[in-house]
Amino acid sequence: MKKETTTTSGSWARGATLALLVVMAVALGAGGGWLLALGGSAYYLLAALALAAVALAYWRGSTLSLWLYAVWLIATLGWSLWEAGTDFWALAPRVDIWFLFGLWLLLPWASRSLVGRSAAPKALMGAAMVATLGVLGYALLHDPQEVNGTIARSQPAAAQPVAGVAPQDWPAYGRTEAGVRYSPLAQINERNVKDLKVAWTYHTEDFKTANDSGETTNEVTPIKVGDKVFICTTHQFLDALDASTGKRLWRFDPRLKADRTFQHLTCRGVAYHDAGNSERFAKSASRQPGSAPSAVCPRKVILPVNDGRLIAVNADNGQPCSDFGRGGEIDLQANMPYPYPGGYNPTSPPVVTASTIVIGGSVTDNLSNREPSGVIRGYDVNTGALRWVFDTGAQDPNQMPGEKGVFAHNSPNAWAPLAYDAGSDTVYVPTGVGTPDIWGGDRTELKERYANAVLALDASTGRLIWHFQTTHHDLWDMDVPSQPSLLDLRLPSGQTVPAIYVLTKTGNVFVLNRTTGAPILPVQERAVPQTVQRGPQTRGERYSPTQPFSPLNLAPAERLDGAKMWGATMFDQLACRIIFHRLNYEGIYTPPSENGTLVFPGNLGVFEWGGMSVNPDRQVALMNPLALPFVSRLIPEKADRPRTERGAGTENGVQPMYGVPYGVEINPFLSPLGLPCKQPAWGFVTGVDLQSHEVVWKKRIGTIRDSLPALFQLPPMKIGVPGLGGVISTAGNVMFVAATQDNYLRAYDVSNGDLLWEARLPAGGQATPMTYEADGRQYVLIMAGGHGSFGTKMGDSLMAYALPR
């Protein structure tokens, strides 16, 4: 009976082994032949032939099958090292199936039927597998994508005070209007940050509803002034909290009426104005004559609302400022062409000067060529009266609207936070492209004059001082996506230059003189692709012959090719290679096409709205760049087709672009299993020495712990995942960042990028942290609320961490 059972199990194992060999050979043969016909690697077709030979020998019961398999495993390992080097995550899908199947062949029930008593085939197989494990183990410890330098601490870390900003406070989105995201606090430092614990948690009780947009997020960076913390929630409730306990002091409800057609439902933050803080605006107040300070609201919080309103709320009691605008609010849809709810959507906090609130807003991407204006406006900080306009698509951008006048439709908008230099009374405005984004055949020179640029405007009058364009004739949604950072840059020569750092989705970091707009680091115009290689040429389109590039660029240096394709196994990696070779791709700025174009850097960009952190004392910049390709495909349509939708509700998928000859489909570049087709890493943290403008350290950040179903959970190994949100740093030599697709807040050593501490969050942390001091204790805050379209877990938790008392 025992012999019969053994024979039956051996027969089953033999049949299963042979079937797997045949199935793998056929799959690799079909896909490998297709890939080779497209001009790709011959490896997969050769692998199919090798498996066929192994299958034939195994069917005959010959140990030659083990010899052949071992030789091919060694050949595969050599090929993998040649293509991928010692990058663990690039090697793993090339060898994982081979290694596991080799283990199977060595098991008794799989090899029992093979004729021959020699141990040599199994020994060679074992040696090949040990070599594979050895290479993978070495690769785990020697990551070629990481840079492991140290930023010298020769400069003292003593923080220089900022006029009108108390060291213990965080009174603006970037802590200061200069957008540095740096705190002089040092109670928490690189030695004790490991001891951080949850000090308090505040639940907003504001969740995404079934009627909300797919792009529903919790991206807020709180501000802190005195003993209060202020936050805005997903539906723009404005909450004031006790800074020491997190207890709610009051809540203001703007009565937002949002629905699923809104492309964005988010609030990145609020602004604060204290009429009594004369020190903060001492240099600029004299040239900003305005209305008398408000007696009703001498201290006010300025709240942007996604349905197109701006509201001023008394910071002391949560009541609307009755002397501001109409009943405490301004209608930002006034004088807008083609107005509709959600069409013009302020998602970022405004800049507040001694006399003026300066605000831009988001306009629905890729819906139509008849959308609201992207006008930037300045309002009286006390009365809410319109002081000036800068309409990026108008012949005279400063022309005030008449009683029935409207702004220029589809003009480039400024959806990201602005920056402000109080010393020169200059506001710096990052702009995007006039929608629709992906086809620009009908754009005039006027409509593109201030697109994809940083504008330096006089904050009191709105007059243009200078502007610098970062992408010409943008067809890829390459906005200037984040708040610029201002720094008095100490050059190696000893000279100090007023600098502005402009981060772009392309990965270029343009370093300009913020007084004149002249480049501090040289800008080079380079030739870029001009034609569609596969499929029909795009109707009515033109392309810029060159694009500007900065020597400080955080985009991946390598151009994508078949070897950079990835998957969980060699099979979905093969599928990604086939997809890659069928797309149009000639590097950055490859034109959009009906065939489908690989966009890399992708639509999320290398940098997003999180910006960077600048330590002005040590002259160090901290960043968290991305590396995730997208695919865009133009869909031929009749330009005059009837408009059937009010809003898109998302930035991915099919978008109609009414009024132009195409719609567009935009999606991340994913494998059939839903994994990115580009090999990891997709997200990094980086430290840059601003004396040399060199990347001194660069580390992968994040795991796929929260990206897989529980059944397929892997150990939380560092792979480098995408993130949405920014970084902050402190005088304690610590950088804090959440942002990633796994739910963590992390702390890194500013000098070398070493991971010092991480805390598990109850939901996605797609926000930028902040830090402050209250009652002698330093706190670090992060909003763990998730991001609807980014796919992280939604929640409502504002988490505060501090050292034990």
If you define the side chain from C-beta out and look only at heavy atoms, does anything of L690 sit under 4.5 Å from L489? yes
Sidechain-backbone polar pair: R449 side chain, A394 backbone, donor-acceptor under 3.5 Å: yes
Using distance alone, with no hydrogens and no angle criterion, decide if N752 and N148 have a side-chain donor and acceptor under 3.5 Å apart. no
Side-chain donor/acceptor of T431 to backbone N/O of Y450, under 3.5 Å: yes
Can you find a pair of side-chain heavy atoms, one from L503 and one from V480, that are under 4.5 Å apart? no
Just by distance, no angles: are the side chains of N345 and T347 close enough, under 3.5 Å, to form a donor-acceptor pair? no
Tell me if a side-chain donor or acceptor on S183 pairs with a main-chain N or O of L185 at a distance below 3.5 Å. yes
Please report the closest heavy-atom contact between N398 and R463, naming both atoms and the distance. OD1-NH1, 3.2 Å
Check: Q691 side chain, R490 main-chain N or O, donor-acceptor pair, under 3.5 Å: yes
Do any N or O atoms from the side chain of Q619 and from the backbone of P616 form a donor-acceptor pair under 3.5 angstrom? yes
Would the F736 and Y748 ring centres measure less than 6.0 Å apart? no
Separation between OH of Y344 and OG of S373, rounded to the nearest 0.5 Å: 8.0 Å
Test item: K505 and E608 side chains (from C-beta on) under 4.5 Å apart, heavy atoms: yes
side-chain contact (heavy atoms from CB on, under 4.5 Å) between L622 and V750, intermediate numbers included: CA-CA 8 Å; L622 295 314; V750 168; 4.2 Å; yes
Tell me if a side-chain donor or acceptor on S613 pairs with a main-chain N or O of S729 at a distance below 3.5 Å. yes
Would you check if the side chain of D169 reaches a backbone N or O of G226 as a donor-acceptor pair within less than 3.5 Å? yes
Go through the structure and list residues passing side-chain hydrogen bond (donor to acceptor under 3.5 Å, both in side chains) with E773, not counting sequence neighbours. none
Does the side chain of F468 reach to within under 4.5 Å of the side chain of L455, using non-hydrogen atoms? no
Donor-acceptor pair between Q778 and T771 side chains, under 3.5 angstrom: yes
Determine, step by step, whether Y420 and T353 satisfy the side-chain contact (heavy atoms from CB on, under 4.5 Å) criterion, reporting the C-alpha distance in whole Å, the side-chain angles of both residues, the deciding distance to 0.1 Å, and the verdict. CA-CA 8 Å; Y420 176 63; T353 79; 3.5 Å; yes
Set of side-chain hydrogen bond (donor to acceptor under 3.5 Å, both in side chains) partners for D488, sequence neighbours left out: R514
Between the CD1 atom in I359 and the CG atom in L310, the distance rounded to the nearest 0.5 Å is 4.5 Å
Residue pair E371 / H409, side-chain donor-acceptor N/O under 3.5 Å: no
Nearest atoms (heavy-atom pairs only) where L626 meets P722: CD2-CA, 3.8 Å
Considering non-hydrogen atoms only, spot the tightest contact between Y428 and A456 and give its length. CE2-CB, 3.7 Å
Starting from the C-alpha separation in whole Å, work towards a yes-or-no answer on side-chain contact (heavy atoms from CB on, under 4.5 Å) for H787 and E215. CA-CA 7 Å; H787 194 290; E215 186 80 6; 3.6 Å; yes
Rounded at 0.5 Å granularity, tell me how far CG in L457 sits from CG in D425. 11.0 Å
Which heavy atom of S411 sits nearest to which heavy atom of T392, and what is that distance? CB-OG1, 3.4 Å
Counting only N and O atoms by type, is there a donor-acceptor contact under 3.5 Å from the side chain of W609 to the main-chain atoms of G611? no
T546: side-chain hydrogen bond (donor to acceptor under 3.5 Å, both in side chains) partners, not counting sequence neighbours: E525
Testing the 3.5 Å rule here: is there a donor-acceptor pair between the side chains of T470 and N452? no
Is any side-chain heavy atom of E177 closer than 4.5 Å to a side-chain heavy atom of V352? yes
Check whether W388 forms a cation-pi arrangement with R377 (NZ or CZ under 6.0 Å from the six-membered ring centre, at most 45° off the ring normal). no
If I take atom CD from residue Q263 and atom CG from residue N366, how far apart are they, to the nearest 0.5 angstrom? 7.5 Å
Can you see which heavy atom on V614 is nearest to which on S485, and at what distance? CG2-CB, 3.9 Å
With a 4.5 Å cut-off on side-chain heavy atoms, are S348 and Q483 touching? no
Can a donor-acceptor pair be found between the side chains of R618 and N733 at a distance below 3.5 Å? yes
Less than 4.5 Å apart, side chain to side chain, heavy atoms only: is that true for L554 and M623? yes
Residues in side-chain hydrogen bond (donor to acceptor under 3.5 Å, both in side chains) with Q145, at least two apart? D87
Tell me which pairs pass ring-ring contact (aromatic ring centres under 6.0 Å, His included) where either residue lies in residues 471-492, with sequence neighbours left out. W476-Y589
Backbone N or O of E694 within a donor-acceptor pair of the D689 side chain at under 3.5 Å? no
Can you list everything that forms a side chain to side chain contact (heavy atoms under 4.5 Å, CB included) with N413? Sequence neighbours excluded, please. V363, W415
Main chain of G753, side chain of D749: is a donor-acceptor contact present, judged purely on distance under 3.5 Å? no
Rounded to the nearest 0.5 Å, the CD1 atom of I357 sits from the CG atom of D380 at a distance of 8.0 Å
Between atom CD1 of I223 and atom CH2 of W170, what is the distance when rounded to the nearest 0.5 Å? 12.0 Å
Decide whether D458 and T426 meet the rule of one side-chain donor and one side-chain acceptor closer than 3.5 Å. no
Does any donor atom in the side chain of Q236 or N306 lie under 3.5 Å from an acceptor atom in the other side chain? yes
Between K699 and D754, is the side-chain contact (heavy atoms from CB on, under 4.5 Å) condition met? List the steps. CA-CA 8 Å; K699 308 293 179 74; D754 285 352; 3.6 Å; yes
Compute the ring centroids of Y501 and H693, then answer whether they are less than 6.0 Å apart. yes
Considering only heavy atoms from C-beta outward, does the side chain of V454 approach that of I500 to under 4.5 Å? yes
Could you report the tightest heavy-atom contact between P222 and I231, atom names first, then the distance? CB-CG2, 3.5 Å
Identify whether the distance between the nearest side-chain nitrogen and carboxylate oxygen of R443 and E448 falls below 4.0 Å. yes
Residue pair S460 / R387, side-chain donor-acceptor N/O under 3.5 Å: no
